[in-house]
Amino acid sequence: MVEIKTESELAVMREAGRVVAKTLEAVKEAAAIGVSLRELDEVAVQFISDAGAKPSFLGYQPRSAPTPYPGVLCTSVNDVVVHGIPTAYRIQDGDLVSIDCGAIVDGWNGDAAISFVVGDADPADLALIEATERALAAGIAAAQPGAKLGDISYAIGAAGRASGFGMVEDHGGHGIGRAMHEDPHLPNEGRAGRGMRLKPGLALAIEPMLVAGGTDAYRYAEDGWSILTLDGSRAAHVEHTIAITEDGPRVLTVR
């Protein structure tokens, strides 16, 4: 069931989104060579708590997951696309790091992700991240009232494929609100003019995932959560929570 939010409900989601955006900034600032992924998670724990919010991810367990999620962040490094668990792994020079964060304020969720390189960056990694950010921007621009859900999917896919990168199959964005994952599912590729009509009050998490090697296939790590590129090439993941409004898309996960 697709839930349409009121302006007052979107205002609370905006506060949750602000917490997410500030947490991601703090985590990126703390990410340095030699810092462990678990230490980054601890930064997020403290920041979200200090903001009076709650983490969305900790303890989350969809039917497909073997165990409840053990972290506050998803920390995905190099060939890990999404859902990487915060471990004792210490960041190395040149690592491509993707951080996904969710926070709850007064029962409403915000969800966003960033990708960046720590230390000396390979230009190919920067190009991958920039292409993923362009795909996100294209998806957001297509999220206009009266458009169709497929218009967003088409915009993301067209931008991603134009860059020559792969796009992780079977994954995409989602509705968001009282629950972190709500209807509708938002594929990262699709046909323009198809799907449900976008109405003001609909909140969506838009999240392209691009793969440097050009393949779409993936595999799960032994932890049952982390999704890795099948060819071992690097991946990038970026995300914003947005709301459809009469005036166009409103990004909720910014400062």
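Keep in mind that the numbers below use all heavy atoms, side chains included, and drop hydrogens, waters and symmetry copies.
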Worksheet entry | Nearest-0.5 Å distance, CG of residue Leu202 to CD1 of residue Ile4 | 5.0 Å

Fill in: Within-4.5 Å side-chain heavy-atom neighbours: Leu40 and Ile91
yes

Practice prompt. Report yes if the side chains of Asp100 and Leu73 come closer than 4.5 Å at any heavy-atom pair, otherwise no.
Written response: no

Worksheet item: Around atom CD of Gln61, are there more than 12 heavy atoms of other residues, nucleotides or ligands at under 6.0 Å?
Response: yes

Discussion item. Does any part of the side chain of Thr75, heavy atoms only, come nearer than 4.5 Å to the side chain of Val97, both counted from C-beta?
Written reply: no

Worksheet entry | Residues in side-chain contact (heavy atoms from CB on, under 4.5 Å) contact with Ala16, at least two apart in sequence or another chain | Val105

Worksheet item: Does any non-hydrogen side-chain atom of Ile152 lie less than 4.5 Å from one of Leu204?
Response: yes

Practice prompt. Calculate, to the nearest 0.5 Å, the distance between atoms CG and CE belonging to Asp106 and Met13 respectively.
Written response: 12.5 Å

Worksheet, complete the sentence: Heavy-atom closest pair (Val77 atom, Tyr89 atom, distance to 0.1 Å) is CG1-CE2, 4.1 Å

Worksheet entry | salt bridge (Lys or Arg N to Asp or Glu O under 4.0 Å) contacts in which one or both residues fall within residues 177-196, not counting sequence neighbours | Glu3-Arg178, Lys5-Glu182, Glu9-Arg178, Arg161-Glu189

Fill in: Donor-acceptor contact present, side-chain Asp216 to main-chain Met167, <3.5 Å
yes

Fill in: Nearest-0.5 Å distance, CD1 of residue Ile104 to CZ of residue Phe57
10.0 Å

Discussion item. Quick check: is Ile176 connected to Ile206 through a chain of hydrophobic side chains (ILVMFWY, heavy atoms under 4.5 Å apart)?
Written reply: no

Residues 115-126, side-chain donor-acceptor partners within the protein, below 3.5 Å, at least two apart:
residue	atom	partner	partner atom	Å
Ser115	OG	Ser98	OG	2.6
Ser115	OG	His237	N	2.9
Ser115	OG	His237	O	2.8
Asp122	OD1	Ala124	N	2.8
Asp125	OD2	Arg234	NH1	2.6

Discussion item. Under the criterion side-chain contact (heavy atoms from CB on, under 4.5 Å), I'd like the reasoning laid out for Tyr220 against Ile227: C-alpha separation, chi angles, the key distance, then a yes or no.
Written reply: CA-CA 5 Å; Tyr220 281 95; Ile227 292 176; 3.6 Å; yes

Worksheet item: Can you list the steps and then say if Ser226 with His83 is a side-chain contact (heavy atoms from CB on, under 4.5 Å)?
Response: CA-CA 5 Å; Ser226 305; His83 305 161; 5.6 Å; no

Worksheet entry | Distance-only polar pair, side chains of Asp79 and Thr229, donor-acceptor under 3.5 Å | no

What donor-acceptor contacts under 3.5 angstrom involve side-chain atoms of residues 48-55, with partners at least two apart or in another chain?
residue	atom	partner	partner atom	Å
Asp50	OD1	Gln46	NE2	2.8
Asp50	OD2	Gln46	NE2	3.3

Discussion item. The criterion is ring-ring contact (aromatic ring centres under 6.0 Å, His included); which residues satisfy it with Tyr69, sequence neighbours excluded?
Written reply: Trp225

Practice prompt. Side-chain contact test, heavy atoms from C-beta onward, threshold under 4.5 Å: evaluate it for Met209 versus Val81 and give yes or no.
Written response: yes

Worksheet item: Roughly how far apart are Leu210 CG and Ser163 OG, rounded to 0.5 Å?
Response: 7.0 Å

Worksheet item: Any donor-acceptor pair under 3.5 Å linking the side chain of Arg38 with the backbone of Thr87?
Response: no

Discussion item. One pair to check against salt bridge (charged side-chain N to carboxylate O under 4.0 Å, His left out): Glu7 and Arg250. What are the steps and the verdict?
Written reply: CA-CA 12 Å; Glu7 276 297 325; Arg250 180 190 303 163; 3.3 Å; yes

Discussion item. Do Leu136 and Glu207 have side chains that approach each other closer than 4.5 Å (heavy atoms only, starting at C-beta)?
Written reply: no

Discussion item. Looking only at side-chain N and O atoms, does Thr245 offer a donor or acceptor that is under 3.5 Å from a partner on Asp247?
Written reply: no

Worksheet item: Can any side-chain N or O of Ser56 pair as donor or acceptor with the backbone N or O of Met180 at less than 3.5 Å?
Response: no

Worksheet item: Can you check side-chain contact (heavy atoms from CB on, under 4.5 Å) on Ile114 and Glu239, steps first, answer last?
Response: CA-CA 7 Å; Ile114 57 174; Glu239 177 183 17; over 6 Å; no

Fill in: Least distance between heavy atoms, Ala142 atom then Leu198 atom
O-CD1, 4.2 Å

Discussion item. Before you tell me yes or no, could you show the steps for Glu25 and Lys28 under salt bridge (charged side-chain N to carboxylate O under 4.0 Å, His left out), namely the whole-Å CA-CA distance, both residues' side-chain angles and the distance that decides it to 0.1 Å?
Written reply: CA-CA 5 Å; Glu25 287 181 2; Lys28 182 178 181 180; over 6 Å; no

Worksheet entry | Sub-4.5 Å side-chain heavy-atom contact between Val27 and Asp41 | no

Worksheet entry | N/O donor-acceptor pair under 3.5 Å between Ser76 side chain and Gly84 backbone | yes

Item to complete: Check whether any side-chain heavy atom of Ile33 sits under 4.5 Å from a side-chain heavy atom of Gln92, and report yes or no.
Response: no

Worksheet item: ring pair (Phe, Tyr, Trp, His ring centres under 6.0 Å): which pairs involve residues 118-176, sequence neighbours left out?
Response: His171-Tyr218, His174-His181

Fill in: Main-chain N/O of Arg255 paired with Arg18 side-chain donor or acceptor, under 3.5 Å
yes

